[in-house]
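What follows is one structure encoded as structure tokens, with my remarks underneath.
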Amino acid sequence: MKTAINLKPTIFVIFGGTGDLNMRKLAPALYNLYADGYMPKKYAIIGTSRKTFSDEKFRDVIMDGVNSFSRTGKVKKDKWSTFAENVYYTPVDVSAPKTFEGLKERIEVFQNEFGPETQVVYYLAVAPNLFPMIATCISDYKLAGTEDTCRIVIEKPFGRDLETAKELNQLLTSIFTEKQIYRIDHYLGKETVQNIMAFRFANSFLEPLWNRTYIDHVQISVTEQLGVGDRGGYYEGAGALRDMIQNHLLQLLCLIGMETPINFDADEIRNKKVDVLKAMRAFSPEDIRFSTVRGQYTKGWVEGKEVPGYRHETGVDADSNTETFAAIKFHVDNWRWKGVPFYVRTGKRLFQTSSLIAIQFKDVPHQIFPAGVTEHWQQNRLIISIQPEMSIRLQVQGKRPGLDMVLNPVDMVFDYKGTYDSESPEAYETLLLDVMTGDQTQFMRADQVESAWELLMPVISAWESKKSLSFPNYTADSWGPEDAEALIARDGFHWFKLPLNKD
Ligand code: BG6
């Protein structure tokens, strides 16, 4: 049980303090942790950026962020004022390392005030090209502390390919120990994602079925209605593979595919996840042709409003080859999963925002019911809906009430809304608390990040070296390119479009 009582005094340094991530996610998360009694008794939050702000002005700026983006709505005046008393600002210009002196002085003030137990958390909420410079300055100014006194949180993307990820890992591990490094993947902090482990390993009925004998395929689908918005500049250098599949979707796949850990230790769990990545079949050029699909959206209408195509978004090349959609068929070649395809897809400007994992079980070995009874026959499915609906549905066959024997699929539903009164915390609340308590379970270890890059590198290279002649190939507000339907249809399946509209 995590409580404020256990937490050491903490100095939270946020690089990119005036940036979008702090406004939208970090500041609201820290405020909500405070409001719910999960911040340490002694803490200081120091925002940094190149801008010149007073502490007061910075407090006002982030209050606007919290008011606009917190899951709990506008701040409560009294809570905010006591929270904000511990919020400070110090200008730091990463391109002028001398400015770290001011930061060092400020950190030392709080270290002296809070005592020797104090831990410092550096949160790098900045553009990835600044990660190495900041880490180097932290080292140069002797701010890297020890495993007990210092942690660094690195946002994604962690590298832009295997080589750059390795370089970054090398640099970081030359300054910090692995125990000090928290590579964040916010999907792992989502309530429903954490529940996958609970559902799989705290219940005995699933494990005997969780394998190639009973499961015929798995789908992991993260679809987004939004386009790239004002992130075109970043997205041009990323694309769906780097932005979503290398991290979020592969992590979901690992949670479904992993073997049972022997305990709940961070490294034990991460070992089991790495095993999945290591068992994944490497892509041959032929696999890339037949098992991967890329897409890019063109203009369309979303909720009555015309939206631009990707190539017309701000910061995007008019002839861009960047994919805004990707669908891939993966294989996990081990005893549990050999022969079970894992279909993964993600994209922007799709018809619906929904993240779901669907596990389709094999059909009954022998059909005893006559044809008329089984008109609406559907193989059993387990649907884990991560968002927006938070639920787990087991789809089974049931008898429709009436004098005749007619079967149809019915859902056994565990729905968060109907089951729990309390609202779920935001992923960032969970993850920031984990950082403060020193729990790395939901963070990426160096080898996890590298294995994920290694797996995807052949696809990335192939897509980059060969321009897609079909781009743009799907309309905004559609379900993506037709080839993505064909990819799964070739094996006799189709993408499930839950949670709201049953197909
Ligand atoms: C981020 C990606 O990591 O995740 C974004 O960079 C994406 O492009 C976002 O929109 C999706 O996160 P969520 O929590 O809204 O599903």
Side-chain angles (χ1 to χ4, degrees), residues 16 19-26 28-29 68-71 123-129 131 153-160 165 182-196 220-253 255 294-297 302 307 310 313-316 320 322-326 344-357 384-390 416 424-432 442-444 449 452-453 456 476 480 499:
D20 212 42
L21 184 68
N22 193 27
M23 297 306 137
R24 284 173 183 271
K25 299 290 182 190
L26 306 181
S68 310
F69 300 111
S70 165
R71 70 175 166 87
Y123 200 113
L124 274 53
V126 292
N129 61 323
F131 296 163
V153 186
I154 310 277
E155 265 292 333
K156 63 168 271 274
F158 195 94
R160 67 179 314 275
Y182 287 68
R183 298 173 192 81
I184 205 162
D185 179 327
H186 79 280
Y187 262 60
L188 297 180
K190 289 182 190 276
E191 193 64 59
T192 33
V193 172
Q194 291 189 76
N195 199 30
I196 297 173
I220 300 176
S221 172
V222 176
T223 57
E224 295 183 278
Q225 237 187 355
L226 288 176
V228 291
D230 53 12
R231 294 171 76 224
Y234 150 76
Y235 201 85
E236 265 294 86
L241 273 184
R242 289 188 170 94
D243 186 49
M244 297 292 286
I245 295 198
Q246 189 272 343
N247 35 74
H248 308 323
L249 279 92
L250 281 179
Q251 283 304 302
L252 296 178
L253 193 154
L255 285 166
R294 53 178 157 163
Q296 189 190 72
Y297 61 83
V302 176
V307 295
Y310 177 68
E313 301 275 18
T314 317
V316 172
S320 174
T322 301
E323 79 284 354
T324 58
F325 177 99
V344 162
R345 73 169 172 178
T346 186
K348 297 210 179 279
R349 277 279 180 248
L350 296 177
F351 182 68
Q352 195 180 55
T353 294
S354 147
S355 302
L356 65 88
I357 301 172
I384 302 172
S385 177
I386 292 164
Q387 60 190 24
E389 184 183 292
M390 298 166 71
Y416 280 64
S424 298
E426 271 267 348
Y428 275 91
E429 291 169 46
T430 304
L431 296 174
L432 291 181
Q442 312 296 351
F443 292 82
M444 310 279 286
V449 178
W453 279 121
L456 290 181

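No experiment lies behind these values; they were computed from the predicted model shown. Counting starts at 1 for both ligands and their atoms, following the listed order. As a basis for the values below, the full set of heavy atoms in this structure was taken, side chains included, without hydrogen atoms, waters or symmetry mates.
- Sorted by chain and number, the residues within 4.0 Å of ligand 1 by heavy atom are K156, H186, Y187, K190, E224, R231, D243, M244, H248, K348, Q387.
- A distance of 8.0 Å separates NZ of K190 from NE2 of H248, quoted to the nearest 0.5 Å.
- Listed for the K156 side chain is no donor-acceptor partner under 3.5 Å among the backbone atoms of I184.
- For the pair R349 (side chain) and Q225 (backbone), a donor-acceptor distance under 3.5 Å is present.
- Sequence neighbours left out, the pairs with a member in residues 224-241 that pass salt bridge (charged side-chain N to carboxylate O under 4.0 Å, His left out) are E224-K348.
- Qualifying side-chain contact (heavy atoms from CB on, under 4.5 Å) partners for Q194, counting only residues two or more places apart in sequence or in other chains: T430, Q442.
- Residues forming a ring pair (Phe, Tyr, Trp, His ring centres under 6.0 Å) with F443 (at least two apart in sequence, or on another chain): Y182.
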